[in-house]
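Every chain is numbered from 1 and lettered A, B, ... according to where its sequence line falls, protein lines coming before strand lines.
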Amino acid sequence: MGSSMSASGAAGARAQLSAPAVDVAPHLLGALVTTVLPDGVVTVRLTEVEAYEGERDPGSHAFRGRSARNAVMFGPAGHLYVYRHMGLHHCANVVTGPDGTASAVLLRAGEVVEGRDLAFERRTRRGVARSDVDLARGPARLADALGLDLTHYGADVLDPAGVVRLTPADPPPRWLTGPRVGVGGAGGDATAFPWRFWLADEPTVSVYRPAPPPRRR
DNA sequence: GAAACGATTTGCT
DNA sequence: GCAAATCGTTTCT
């Protein structure tokens, strides 16, 4: 499979992404995400992701059904779901599962392997880039380093000519799992599922933060 | 039409 | 370690 990466490769990759997010997530570890924007090219190697199972998952944005914001998650796999968080930040997901389901994988952290200077510059503009390790450690930092924002909502990451490209890698030999970050209050039981995946011995993996206590509405 | 909340990050005490 | 920043989306009256 190595040499040719055109239509058939994309089709195969799309088929793999069409599995449930929980199955796809570990396969994305080690994969490369590349953005080709007017100001340059940045590539990140994914070291941490989280699975979200759509309508049946209290922690998912799609739990309460389809809306204008999460519509892309209900579509075919391989597209980008970008949302704005806390007014300031952006987070990016890769849509998974068959067309009609709303599962997706949140890109939580990665290692910048190409375009380090550009990523550093973007992060410095937004805030303070302390070190290379911090460039893409955390979902909003990752999106910033890649230059992702709402204009990339729905982008096809398997389009070789697209501005956002996902390059699958060989499945990592070993990874770790644990509870997801920051979604404890939403469903309670949701945190019982180890739907966070990360690579061992990676300094770029974001630090674990205990979920906030449940709060009634 | 109005109010509350959030898959976070950063800065300050 | 804790609280503020900041604003679109969702939900309720």
Side-chain angles (χ1 to χ4, degrees), chain A residues 20-22 24-26 28-29 33 44 46-74 79-97 101-110 112 119-120 122-154 177-198 204-217:
Chain A
V22 176
V24 174
L28 290 181
L29 292 173
V33 178
V44 163
L46 297 177
T47 58
E48 182 186 5
V49 297
E50 275 178 5
Y52 286 87
E53 288 295 347
E55 294 158 296
R56 76 178 193 191
D57 180 0
S60 171
H61 287 171
F63 180 58
R64 293 229 168 246
R66 182 186 175 121
S67 68
R69 180 173 64 150
N70 64 28
V72 70
M73 276 200 287
F74 287 80
H79 292 260
L80 206 62
Y81 167 49
V82 182
Y83 67 94
R84 204 206 307 262
H85 187 63
M86 290 307 206
L88 301 169
H89 310 292
H90 297 280
C91 296
N93 304 244
V94 172
V95 176
T96 64
T101 67
S103 67
V105 174
L106 170 69
L107 310 182
R108 279 203 64 87
V112 176
F120 201 94
R122 285 170 177 162
R123 291 277 303 126
T124 304
R125 286 192 66 182
R126 305 280 298 195
V128 180
R130 307 162 200 280
S131 68
D132 286 4
V133 161
D134 282 335
L135 285 181
R137 185 171 69 168
R141 292 169 174 175
L142 178 72
D144 272 347
L146 286 172
L148 293 172
D149 57 38
L150 292 179
T151 65
H152 306 112
Y153 181 93
T177 67
R180 292 181 298 189
V181 179
V183 291
D189 290 351
T191 56
F193 298 96
W195 284 354
R196 173 173 170 243
F197 305 81
W198 67 93
T204 56
V205 172
S206 62
V207 295
Y208 172 74
R209 205 199 304 173
R215 182 177 268 184
R216 294 207 56 199
R217 306 183 25 80

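- In this structure, R141(A) atom CZ and dA7(B) atom P are separated by 18 Å, rounded to whole Å.
- Rounded to a whole Å, the CZ atom of R64(A) is 14 Å from the C1' atom of dG6(B).
- Atom NE2 in H89(A) sits about 9 Å away from atom C1' in dT6(C), given to the nearest Å.
- Note: CG (D134(A)) to P (dG11(B)) measures 12 Å, nearest angstrom.
- Dashed line: the shortest gap from a side-chain N or O of S67(A) to OP1 or OP2 of dT10(C) is under 4.0 Å.
- Rounded to the nearest 0.5 Å, atoms CZ (R69(A)) and NE2 (H61(A)) are 5.0 Å apart.
- Contact between the side-chain N/O atoms of R123(A) and the OP1/OP2 oxygens of dT10(B) is found at a separation under 4.0 Å.
- Distance, L150(A) CG to dC7(C) P: 13 Å, rounded to whole Å.
- For R84(A) and dT6(C), the shortest distance from a side-chain N or O to OP1 or OP2 is not below 4.0 Å.
- Between the side chain of H85(A) and the base of dA7(B), no donor-acceptor pair under 3.5 Å is found.
- Between the CD atom of E48(A) and the P atom of dA7(B) there is a distance of 16 Å, given to the nearest Å.
- Side-chain atoms of S60(A) and E55(A) form no donor-acceptor pair, as typed in the model, at a separation below 3.5 Å.
- If you take CG of D144(A) and P of dT10(B), they are 8 Å apart, rounded to a whole angstrom.
- Here Y83(A) does not pack flat against the base of dA7(B), since the 5.5 angstrom centre distance and 30 degree tilt limits are not both met.
- Ring centers of H90(A) and Y83(A): at least 6.0 Å apart, outside the cut-off.
- Residue R69(A) has its side chain nearest to dT9(C) when only dA7(B), dA5(C), dT9(C) are considered.
- Nucleic acid contact for R196(A): none, since no nucleic acid atom lies under 4.0 Å from a heavy atom of the residue.
- Inter-residue side-chain proximity for L80(A) and L148(A) is flagged as met; some heavy-atom pair is nearer than 4.5 Å.
- With both pairing distances under 3.5 Å, dT6(C) is matched to nothing as a Watson-Crick or G-U wobble pair.
- With rounding to whole Å, L106(A) atom CG is found 16 Å from dG6(B) atom P.
- A salt bridge does not link E50(A) to R180(A): none of the charged side-chain nitrogens sits closer than 4.0 Å to a carboxylate oxygen.
- In the set dT11(C), dT6(C), dA7(B), dT6(C) carries the atom at the smallest distance from any side-chain atom of L88(A).
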